[in-house]
S.K.: 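A single structure is presented below for examination.
Both counts, for ligands and for their atoms, begin at 1 and track the order of listing.
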Amino acid sequence: MMNLDEILAQAPKNNLIGNSIIITYAKLQRYEKILCSVSGGSDSDILVDLCQKYDNANKITYVFFDTGLEFNATKEHLAYLEQRYGIEIRRIRAIKPVPLCCKTYGQPFLSKQVSEWIERLQRHNFQWEDDPFDILIQRYPQCRAALRWWCNDFEQKSDGKESSFNIAYNQYLKEFMVANPPQFNISNKCCYYAKKLVAKRFKEQEKFDLNMYAVRKAEGGARKSAYKTCFSSNDSCDEFRPIFWYLADTKNVYETHYNIQNSKCYSEYGLKRTGCAGCPYSKNFEDELEAMQQHEPQLYTAVNNVFSDSYAYTKSYWDFVQKMRNNKNKGG
Ligand code: SF4
């Protein structure tokens with residue numbers, strides 16, 4: 001193993017990469033029991049490579065949380081990582097895998113937040129009425145927060161943009177749902193039982209003092225906006241995101257310099273992300289399905305069973321939005 005100076009001397013001449021090497025080194029010195037979540041995705045490939053540069057990498061427990069809807073390519077890739085770096089990646093199974101959650105609670109639709117509000121409304125047997133908040137709250141008195149979302153009751157942001165707490169944040173969603181009330185249960189519980197709760201329990205059981213994972217600010221989406229910096233301190237277990245500041249270009253430099261090989265999901269299937277196969281939250285789920293049909297037909301059949309209603313409802317919503325936009329354009 002090399003010391004820090006040697007690692008830096010051999011690193012690409014790039015400030016973001018240099019900084020991540022120095023800070024990760026410091027964290028590995030300071031913490032004793034470190035959890036590193038491996039997803040099999042391209043960011044996580046860099047994370048593992050970075051961690052394995054140090055001689056105290058043996059403080060790290062690598063873990064893969066198996067949601068129950070994973071690409072075979074991801075599983076194969078975990079085996080490759082284990083072999084390349086001589087590490088063990090522990091596979092932790094979901095408390096309730098995604099297919100079971102979807103059957104029990106409902107299917108995810110559009111986004112985590114939207115699914116949450118719809119789930120609450122469905123629990124109160126909401127009839128998707130287009131009435132004002134003051135009237136609806138009398139009919140559904142226990143459902144205030146979700147009704148505020150439905151009635152666009154939150155103020156717009158200071159820049160004039162729609163608040164993400166309002167249904168109008170998703171253009172024409174309310175109009176669509178009034179005209180086409182969902183005929184199936186919608187829920188975001190699979191994320192909870194297949195991901196969040198599993199990770200939380202595992203962290204508590206094993207008493208880690210640092211949790212490392214691959215999130216980049218530049219990747220966008222709800223996940224990155226939950227964090228402001230690469231580090232957050234916590235009562236039980238601190239959190240460190242070593243490649244938080246990497247840009248797409250930084251990733252390219254790192255991957256080329258250290259000869260990082262990504263899973264077949266990227267190199268053969270042409271996907272831009274990995275994670276739960278066919279998750280309906282993905283804007284590109286149709287492309288993903290097409291790749292799946294070609295490369296992993298059994299998984300294709302499975303996800304179409306699990307998410308069939310959500311796929312159909314999402315496509316119908318997209319068509320609706322397109323029609324509304326066309327009508328608006330025609331009308332000037
Ligand atoms: S990412 Fe999608 S499929 Fe996976 S657990 Fe979350 S909502 Fe369910």
S.K.: Counting heavy atoms only, which part of F307 comes closer than 4.0 Å to ligand 1: side chain, backbone, both or neither?
M.R.: side chain
S.K.: Just which atoms of ligand 1 are under 4.0 Å from any heavy atom in C276?
M.R.: 1 (S), 3 (S), 4 (Fe), 5 (S)
S.K.: Using the side-chain contact (heavy atoms from CB on, under 4.5 Å) rule, take Y246 and N14 through it: C-alpha gap first, then chi angles, then the decisive distance, then the call.
M.R.: CA-CA 10 Å; Y246 279 33; N14 179 295; over 6 Å; no
S.K.: Out of all atoms in ligand 1, which are within 4.0 Å of some heavy atom of K195? Include the element for each.
M.R.: 1 (S)
S.K.: Does a donor on one side chain sit under 3.5 Å from an acceptor on the other, for Y317 and N180?
M.R.: no
S.K.: Checking side-chain contact (heavy atoms from CB on, under 4.5 Å) against F71, which of E288, H295, H77 comes through?
M.R.: E288
S.K.: Judged by modelled atom types alone, do Q183 and Y313 share a side-chain donor-acceptor pair under 3.5 Å?
M.R.: no
S.K.: Side chains of N152 and Y169: any donor to acceptor distance under 3.5 Å?
M.R.: no
S.K.: Within the 4.0 Å heavy-atom shell around C279, which atoms of ligand 1 are there?
M.R.: 1 (S), 2 (Fe), 3 (S), 7 (S)
S.K.: Report yes or no: does C101 have an N/O/S atom closer than 2.8 Å to atom 8 (Fe) of ligand 1?
M.R.: no
S.K.: Within 2.8 Å of atom 6 (Fe) of ligand 1, is there any N, O or S atom belonging to C191?
M.R.: yes
S.K.: List the steps and the verdict of side-chain contact (heavy atoms from CB on, under 4.5 Å) for Y300 and L289.
M.R.: CA-CA 6 Å; Y300 173 78; L289 288 176; 4.1 Å; yes
S.K.: Measure the distance from atom 8 (Fe) of ligand 1 to every protein heavy atom, then report the residue, atom name and distance (to 0.1 Å) of the closest one.
M.R.: C190 SG, 2.3 Å
